[in-house]
Chemist: 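Here it is, the structure in full.
Keep in mind that this is a model prediction, so the values were computed, not measured. Sequence lines set the chain letters: A, B, ... in the order given, protein chains first and strands last, and positions in each chain run from 1.
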Amino acid sequence: MDSESKTTPTNFIRNIIDDDLESGKHDYIITRFPPEPNGYLHIGHAKSICLNFGIARDYKGQCHLRFDDTNPAKEELEYVESIMEDVRWLGWDWDERLYYASDYFDQLYEYAEILIKDGKAFVCDLSIDELREYRGTLTEPGKDSPYKNRSIEENLDLFRRMRDGEFPEGSKSLRAKIDMASPNLNMRDPVVYRIKKTEHHRTGDTWQIYPMYDYTHCVSDALEMITHSLCTLEFEDHRPLYDWFLDQLPVPSHPRQIEFARLNLTYTVMSKRMLLELVEGGIVDGWDDPRMPTIAGIRRRGFTPESIRDFADRIGVAKANSVVDYELLTFCLREDLNKRAQRRMAVLDPLKLTIRNYPEGKIEEMDAENNPEDPDGGHRKVKFSRELYIERDDFMEEPVKGWFRMAPGKEVRLKHAYYITCEEVIKDENGEITEIICSYDPNSRGGWTEDGRKVRGTIHWVSQAHCIPIEVRLFDHLLTIADLNDVEEGKSYLDYINPDSKEINTKAFGESSLRDTKEGEKFQFLRLGYFAVDKDTSEDMPTFNRITGLRDSWARAQNK
RNA sequence: UGGGAUGUCGUCUAAUGGUAGGACAGCGGUCUCUGGCUCCGUAUGUGAGGGUUCAACUCCUUCCAUCCCAGCCA
């Protein structure tokens with residue numbers, strides 16, 4: 001990971017840390033990644049993970065993994081496990097620094113009693129609806145709760161009885177006494193504890209009351225001696241409350257909350273709610289659908305952790321809302337896999353090709369390098385014979401200007417094999433081309449000749465008798481619009497779902513070496529793109545996801 | 001129309017009073033047994049107006065635009 005840290009650009013958060021180190025405010029940096037275990041992680045979380053763990057790595061500090069599990073109604077063990085898997089997959093390690101906010105429930109409760117004893121919190125009997133009314137609006141101040149002036153003794157008694165389960169859910173809450181007239185709604189006597197008679201995935205039925213995020217998060221950070229508590233922009237308004245709680249309590253430290261902009265990616269959604277709707281609405285095939293921006297989805301699609309880390313470094317960290325071009329993500333993938341992925345040949349849209357002057361029944365083994373970018377990549381043998389399949393797109397009966405693939409009378413190179421020339425085109429009654437008849441030059445074995453003549457076009461192929469059927473899954477963007485901010489008035493992102501985001505191709509063939517592959521293995525199919533073996537793969541039908549295509553300057557020029 | 005924040009190439013991001021730079025995308029070329037890769041070249045930007053200054057993305061000021069906040073969610 002050393003080579004990566006070299007290229008990690010600086011950002012305003014690292015500048016703050018540099019200052020804090022230089023001023024002596026800190027001599028050791030501790031960050032944390034604090035997911036709520038109520039859903040799957042997505043690539044936006046990956047940004048946060050790489051930020052927090054990356055800082056810990058570069059400053060030789062620590063990064064804690066802490067589950068923010070204060071709401072048992074929404075959280076499950078299943079998510080805890082998938083989150084840990086995703087963080088590990090991304091290449092980060094929290095060692096023994098695994099924490100749960102629920103581990104602090106006792107401490108949090110003690111601190112709450114301190115708040116009460118100091119006259120800074122009270123038990124409120126207002127219902128949820130009443131509370132909303134009393135809160136006021138964005139432009140009007142709120143009103144004090146009629147219960148705000150209860151005695152400390154009464155508050156303590158009531159709070160303990162809340163803890164002991166004497167009151168029904170929603171009937172009472174513990175609230176901080178701050179300022180109902182504050183222009184910041186978060187400061188209008190916020191709820192600190194609510195009654196919830198739900199079993200918690202870790203503490204079971206120990207608790208009848210659970211602390212709220214604003215109270216829990218800052219205290220957890222302080223207890224863990226976090227130095228810099230990094231969160232997303234929507235918590236900016238919560239910072240005064242974060243600081244308020246820590247100022248009232250005898251906590252061992254007072255971390256600094258710093259907010260940064262969350263990641264948005266073009267042509268997709270990134271909110272838990274929308275992602276959930278895609279899954280539950282059957283628009284995608286689950287959380288790990290290769291089209292999903294979830295970590296599980298991009299992993300299944302075939303993206304590498306290296307490419308995601310590189311991406312996180314390249315997008316930077318700032319406070320301005322932004323939408324990053326999906327192309328940058330595919331760029332990072334190509335850059336990674338170009339150096340590492342072995343090349344294979346596969347034909348997605350097969351067109352039969354027969355070499356008239358090649359002996360029937362003859363089989364040759366052609367030598368093919370596995371990766372021209374990798375000197376240690378080695379070579380493999382690919383069987384060649386009289387009958388082949390080539391890509392239908394690689395033949396054009398009446399070639400356009402600039403075309404240098406196959407066309408009648410034109411000599412092209414079969415990659416790793418021979419020069420061939422198209423002599424005849426066979427069509428069916430509908431005029432569809434069904435077969436190409438060629439001749440080959442026996443002196444061009446290996447794909448070159450001694451006379452050094454130039455053959456511009458090189459195409460990929462598979463031998464009919466030796467190739468295997470494969471399934472190939474092609475994906476496109478989930479949405480037809482790049483930027484969610486461009487959703488028209490009165491419409492939702494659901495009105496922009498791309499109906500053609502998935503294409504299952506079962507007519508493809510691959511070279512025989514593709515028979516033995518394992519889930520997750522990645523290849524470059526020559527001239528087609530990068531592919532990863534899907535979890536649905538089987539011996540009978542090796543199954544590949546196209547991660548992304550290759551850059552195709554020919555196609556781009558044609559589309560102009 | 002309360003409060004909080006943010007505006008730099010198409011996109012993302014640097015420049016902390018001293019030459020507006022990088023990356024992706026684009027375009028053009030080079031190279032090539034992948035129309036891939038490589039390499040080279042190239043265009044495009046400080047939201048607007050005022051002010052301070054020898055000098056402003058940076059400081060002041062007015063405006064404009066966008067985002068966030070009225071869960072006993074996080």
Chemist: Tell me which one of A:Lys383, A:Arg343, A:Arg380 satisfies salt bridge (charged side-chain N to carboxylate O under 4.0 Å, His left out) with A:Glu511.
Modeler: A:Arg380
Chemist: Looking just at side-chain N and O atoms, do A:Asn184 and A:Ser182 make a donor-acceptor pair shorter than 3.5 Å?
Modeler: no
Chemist: Which atoms form the tightest heavy-atom contact between A:Cys438 and A:Cys422, and what is the distance?
Modeler: SG-CA, 3.8 Å
Chemist: Just list the side-chain donor-acceptor pairs under 3.5 Å for residues 323-333 of chain A, sequence neighbours left out, or say none.
Modeler:
{"unit_1": "A:Asp325", "atom_1": "OD1", "unit_2": "A:Glu327", "atom_2": "N", "d": "3.0"}
{"unit_1": "A:Thr330", "atom_1": "OG1", "unit_2": "A:Glu327", "atom_2": "O", "d": "2.9"}

Chemist: Could you check which of B:G2, B:A74, B:G35 has an atom nearest any side-chain atom of A:Thr70?
Modeler: B:A74
Chemist: If the glycosidic angle sits within 90 degrees of zero it is syn, else anti. Tell me which applies to B:G47.
Modeler: anti
Chemist: Looking at every strand, decide which applies to A:Leu265 at a 4.0 Å heavy-atom threshold: base, sugar-phosphate, or nothing.
Modeler: nothing
Chemist: Check A:Lys272 against A:Glu36 and note the closest heavy-atom contact, atom names and distance.
Modeler: NZ-O, 3.8 Å
Chemist: Enumerate the protein-to-nucleotides 5-15 of chain B contacts in which both atoms are nitrogen or oxygen and the separation is below 3.5 Å.
Modeler:
{"unit_1": "B:A5", "atom_1": "O2'", "unit_2": "A:Glu236", "atom_2": "OE1", "d": "3.4"}
{"unit_1": "B:U11", "atom_1": "O3'", "unit_2": "A:Val323", "atom_2": "O", "d": "3.3"}
{"unit_1": "B:U11", "atom_1": "O2'", "unit_2": "A:Val323", "atom_2": "O", "d": "3.1"}
{"unit_1": "B:C12", "atom_1": "OP1", "unit_2": "A:Val323", "atom_2": "N", "d": "3.1"}
{"unit_1": "B:C12", "atom_1": "O2'", "unit_2": "A:Ile315", "atom_2": "O", "d": "2.6"}
{"unit_1": "B:A14", "atom_1": "OP1", "unit_2": "A:Val317", "atom_2": "O", "d": "3.4"}

Chemist: Using whole Å, what does the distance between atom C1' of nucleotide B:G36 and atom NE2 of A:His416 come to?
Modeler: 13 Å
Chemist: Does any pair with a residue in residues 208-223 of chain A pass salt bridge (charged side-chain N to carboxylate O under 4.0 Å, His left out), and if so which ones, sequence neighbours excluded?
Modeler: A:Arg32-A:Asp221, A:Arg66-A:Asp221
Chemist: OP1 or OP2 of B:C37 sitting under 4.0 Å from any side-chain N/O of A:Arg340?
Modeler: no
Chemist: From the list B:G35, B:C73, B:C37, which nucleotide is the closest neighbour of the side chain of A:Asn338?
Modeler: B:C37
Chemist: Closer than 4.0 Å, any side-chain N/O of A:Lys272 to the OP1 or OP2 of B:C73?
Modeler: no
Chemist: Taking B:U13 as the reference, what is the distance to B:C54 when you measure between their P atoms (whole Å, please)?
Modeler: 35 Å
Chemist: Quick one: do the A:Gln524 and A:Tyr530 side chains pair a donor with an acceptor below 3.5 Å?
Modeler: yes
Chemist: For atom C1', what is the distance between B:A14 and B:G45, given to the nearest Å?
Modeler: 13 Å
Chemist: Identify each atom pair where a protein N or O and an N or O of nucleotides 30-32 of chain B are less than 3.5 Å apart, giving names and distance.
Modeler:
{"unit_1": "B:U32", "atom_1": "O4", "unit_2": "A:Arg456", "atom_2": "NH2", "d": "3.0"}

Chemist: Rounded to the nearest angstrom, tell me the gap between atom CD in A:Glu36 and atom C1' in B:A74.
Modeler: 5 Å
Chemist: Can A:Tyr210 and A:Asp69 be said to form a side chain to side chain contact (heavy atoms under 4.5 Å, CB included), step by step?
Modeler: CA-CA 10 Å; A:Tyr210 290 93; A:Asp69 55 351; over 6 Å; no
Chemist: Donor-acceptor pair under 3.5 Å: do we get one between A:Glu373's side chain and the base of B:G36?
Modeler: yes
Chemist: Find the distance A:Ile195:CD1 to B:C72:P and express it as a whole number of Å.
Modeler: 14 Å
Chemist: For A:Glu75 and B:C73, what is the distance between atoms CD and C1' respectively, to the nearest whole Å?
Modeler: 9 Å
Chemist: Once you apply a heavy-atom cut-off of 4.0 Å, does A:Arg413 come out as touching a base, just sugar-phosphate, or nothing?
Modeler: base
Chemist: Under 3.5 Å, is there an N or O donor on one side and an acceptor on the other linking the side chain of A:Asp237 and the base of B:G3?
Modeler: yes
Chemist: Write down the distance between OH (A:Tyr193) and C1' (B:A74), rounded to a whole number of angstrom.
Modeler: 16 Å
Chemist: Over how many whole Å does the gap from A:His238 atom NE2 to B:C69 atom P extend?
Modeler: 8 Å
Chemist: With a cut-off of less than 4.0 Å, is there a side-chain N or O of A:Arg262 near OP1 or OP2 of B:A74?
Modeler: no
Chemist: Which part of the nucleic acid, if any, lies within contact of A:Gly457, taking any heavy atom under 4.0 Å across all strands shown: a base, the sugar-phosphate backbone alone, or nothing?
Modeler: nothing
Chemist: Please report the shortest heavy-atom distance between A:Met270 and A:Gly44, naming the atom on each side.
Modeler: SD-N, 4.0 Å
Chemist: With the threshold set at under 4.0 Å for non-hydrogen atoms, list the residues of residues 159-171 of chain A touching RNA chain B in residue-number order.
Modeler: A:Gly170
Chemist: Would A:His217 and A:Asp68 count as having a side-chain donor-acceptor pair, cut-off 3.5 Å?
Modeler: yes
Chemist: Assuming nearest nucleotide by heavy-atom distance, tell me which of A:Arg343 and A:Arg551 is located more 5' along RNA chain B.
Modeler: A:Arg343
Chemist: Which class fits the ring pair A:Phe235 and A:Tyr213: parallel under 30°, tilted 30 to 60°, perpendicular over 60°?
Modeler: tilted
Chemist: What contact category does A:Phe235 fall into here, base, sugar-phosphate, or nothing, at under 4.0 angstrom with non-hydrogen atoms?
Modeler: base
Chemist: So what does A:Pro372 hit on the nucleic acid, given a heavy-atom distance under 4.0 Å: a base, only sugar-phosphate, or nothing?
Modeler: base
Chemist: Phosphate oxygens OP1/OP2 of B:G71: is one of them under 4.0 Å from a side-chain N or O of A:Arg132?
Modeler: yes
Chemist: Select one nucleotide: of B:G35, B:G26, B:U34, the one nearest the side-chain heavy atoms of A:Asp552.
Modeler: B:G35
Chemist: Going through the distances and angles, do A:Phe67 and A:Tyr99 end up as a ring pair (Phe, Tyr, Trp, His ring centres under 6.0 Å)?
Modeler: CA-CA 6 Å; A:Phe67 288 97; A:Tyr99 302 89; over 10 Å; no
Chemist: In terms of side-chain geometry, is the basic nitrogen of A:Lys177 or A:Asp144 positioned less than 4.0 Å from the acidic oxygen of its partner?
Modeler: no
Chemist: How are the rings of A:Tyr440 and A:Tyr418 set relative to one another: parallel (under 30°), tilted (30 to 60°) or perpendicular (over 60°)?
Modeler: perpendicular
Chemist: Just checking, any donor-acceptor pair under 3.5 angstrom between side chains of A:Arg344 and A:Gln342?
Modeler: yes
Chemist: Checking side-chain polar atoms at under 3.5 Å, does A:His64 have a donor or acceptor matched by the opposite partner on A:Glu224?
Modeler: yes
Chemist: A:Arg14 CZ to B:U16 C1': how many Å, rounded?
Modeler: 18 Å
Chemist: Under a cut-off of 3.5 Å for both distances of each Watson-Crick or G-U pair, what dot-bracket string does RNA chain B give, using [ ] for crossing pairs and | for inter-strand pairs?
Modeler: .((((((..((((....[..)))).((((.........))))....(((((..]....))))))))))).....
Chemist: Starting from P on B:C37, measure out to CH2 on A:Trp554 and report it in whole angstrom.
Modeler: 17 Å
Chemist: Does A:Arg527 make a side-chain donor-acceptor contact with the base of B:G35, cut-off 3.5 Å?
Modeler: no
Chemist: Please pick, from B:C72, B:A70, B:G36, the nucleotide with the shortest atom-to-atom distance to any side-chain atom of A:Ser553.
Modeler: B:G36
